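Reminder, nothing fancy here: chain letters follow the sequence lines and each chain counts from 1. None of these values were measured; they are calculated from a predicted model.
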2 protein chains.
Amino acid sequence: MKTKSFSEMQCSIARALEQVGSWWSLLIIRDVMMGARRFKHFEQSLGIAKNTLASRLTQLVDGGVLEKVPAADGSAFDEYALTERGRDLAPVMIALAQWGDKWAPHKKGPSTEIIDAETAEKLPRIWPRRDDGEIIPLREVRMKRARGAPRLNWLEEKEKN
Amino acid sequence: MKTKSFSEMQCSIARALEQVGSWWSLLIIRDVMMGARRFKHFEQSLGIAKNTLASRLTQLVDGGVLEKVPAADGSAFDEYALTERGRDLAPVMIALAQWGDKWAPHKKGPSTEIIDAETAEKLPRIWPRRDDGEIIPLREVRMKRARGAPRLNWLEEKEKN
DNA sequence: CTATCCAGTCTAATAATAAAACTAAAGTTG
DNA sequence: CAACTTTAGTTTTATTATTAGACTGGATAG
């Protein structure tokens, strides 16, 4: 009964997850970023059930993350492609890949490598920076509720003091 | 039947999602990053069922993303805190929040703001950069399968040509 | 000491996922 | 072009996850 929706939460993370947070969604997007374009590609790469894949794909298309485009090779079957909205998820994917690589490595070594095509080297860790490129230490990054957003009860406790 | 596991996939993204990709996990982590520490905080903030919350929390503790620590205020109830592994998810959360803010904004305006405590301004978009801070355009970022990783069938097709 | 709160567990109902069989259109082979 | 195979799904049935709500035993407040 995964019926609860995040879409009304006044939190950007919740609403992002509403669109791409289902169990398979980000892996499908990863596959597209790595060159998959057709139903069978996802199916074979992920070992996902056909019906689950079908509903995840239509959800992603409805959400504007993927779109169906005419096949590049002239086939009558449409292909799936990232929209601008979908391509813009790249920082999320890179951050996830780098975290997984660091904290949950596979015995056989890293698998999805993310490289700088200029230098052919592994990308440095994606990390918050100022406009000028200076790295911001996490202590100086604040995640806070915006003006007008609902008050968080555990912060009220603190604010009382 | 969400019984299929990603943990054996030779992909860093899949193994990251195995640990934090369940429907509620990243929202729980967001709450901790925003100051939540106790069961009731998550419950009230998220509107999640008690039993689902309990199993997500133990999953996150077992996965080493959260840990139970003695309460700071002397209460006999333990608190949940991020481990180093958990804190290291900050880039993922920031990337998600910024994407959601851009592509799925709430009518009432942004909610979870991420700011630079030094300047009190919104963080610039987290984005791949070189060591020197130079932004890397997406065209120059390659997500590729590493040496030894299983061959992807749709790439074989291309490689044949 | 009593009432309430807290952090869960247990039970029953419902929704999502999985596996497998099926289908219609597309593509391939001889 | 006729027969066979592939593709992109849909349908059906079984299983698992999530939910809401009742319940519990220990902590806390009055």
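B:Glu43 has its CD atom 16 Å from the P atom of D:dT18, to the nearest Å. We find that CG of A:Leu46 is positioned 14 Å from P of C:dT17, with the value rounded to whole Å. Protein atom CD1 of A:Ile48 is 13 Å distant from nucleotide atom C1' of C:dA19, rounded to whole Å. Between the CG atom of A:Leu53 and the C1' atom of D:dT10 there is a distance of 13 Å, given to the nearest Å. Following rounding to the nearest Å, A:Asp78 (CG) and D:dT7 (C1') show an atom-to-atom distance of 13 Å. Following rounding to the nearest Å, B:Phe6 (CZ) and C:dT17 (P) show an atom-to-atom distance of 11 Å. In this structure, B:Ile28 atom CD1 and C:dG8 atom P are separated by 12 Å, rounded to whole Å.
Atom OG of A:Ser12 is separated from atom CG of A:Leu17 by 10.5 Å, given to the nearest 0.5 angstrom.
Close to C:dG8, at under 4.0 Å from its OP1 or OP2, lies a side-chain N or O of B:Lys68. Between B:Tyr80 and the phosphate of C:dG8, there is a side-chain N or O to OP1/OP2 separation shorter than 4.0 Å. Look at B:Ser75 and you'll find a side-chain N or O under 4.0 angstrom from OP1 or OP2 of D:dT28. An OP1 or OP2 oxygen of C:dA19 is reached within less than 4.0 angstrom by a side-chain nitrogen or oxygen of B:Lys4. Regarding contacts with the backbone of C:dA18, a side-chain N or O of A:Trp24 is found under 4.0 angstrom from either OP1 or OP2. Taking 4.0 angstrom as the limit, A:Arg56 places none of its side-chain polar atoms (N or O) nearer than this to OP1 or OP2 of C:dA16. A:Arg38 has a side-chain polar atom (N or O) that falls below the 4.0 Å cut-off from OP1 or OP2 of D:dA8. Between B:Lys40 and the phosphate of C:dC6, there is a side-chain N or O to OP1/OP2 separation shorter than 4.0 Å. For the OP1/OP2 pair of C:dA16 and a distance below 4.0 Å, the side-chain nitrogens and oxygens of A:Ser55 include no atom meeting the criterion.
The nearest heavy atom of DNA chain C to B:Ala54 and to A:Ala49 marks one nucleotide each, and the one closer to the 5' end goes with B:Ala54.
Classification of A:Lys122 and A:Glu113 as a salt-bridged pair fails, no side-chain N sitting under 4.0 Å from a carboxylate O. Ionic pairing of B:Glu140 and B:Arg130 is present here: one or more N-O contacts between side-chain nitrogen and carboxylate oxygen are shorter than 4.0 angstrom. Note on A:Lys107 versus B:Glu8: salt bridge recorded, some NZ/NE/NH1/NH2 to OD/OE distance being below 4.0 Å.
Rounded to 10 degrees, the angle separating the terminal helix axes of the helix from C:dC1-D:dG30 to C:dG30-D:dC1, each built from five base pairs, is 30°.
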(message) Apply side-chain contact (heavy atoms from CB on, under 4.5 Å) to residues A:Phe77 and A:Arg37 and explain how you reach the verdict.
(response) CA-CA 10 Å; A:Phe77 292 116; A:Arg37 355 216 112 237; over 6 Å; no
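Minimum atom distance to the side chain of B:Lys50 is reached by D:dA22, of the listed D:dA22, C:dA18, C:dG27.
Under a 3.5 Å cut-off, the side chain of B:Gln98 and the backbone N or O of B:Pro124 do form a donor-acceptor pair.
The base of D:dT18 has none of its N or O atoms less than 3.5 Å from a complementary donor or acceptor on the side chain of B:Asn51.
In this structure the side chain of A:Trp103 never reaches within 4.5 angstrom of the side chain of B:Gln19, judged on heavy atoms.
Among the candidates B:Trp24, B:Tyr80, B:Phe42, the single residue satisfying the side-chain contact (heavy atoms from CB on, under 4.5 Å) test with B:Asp31 is B:Phe42.
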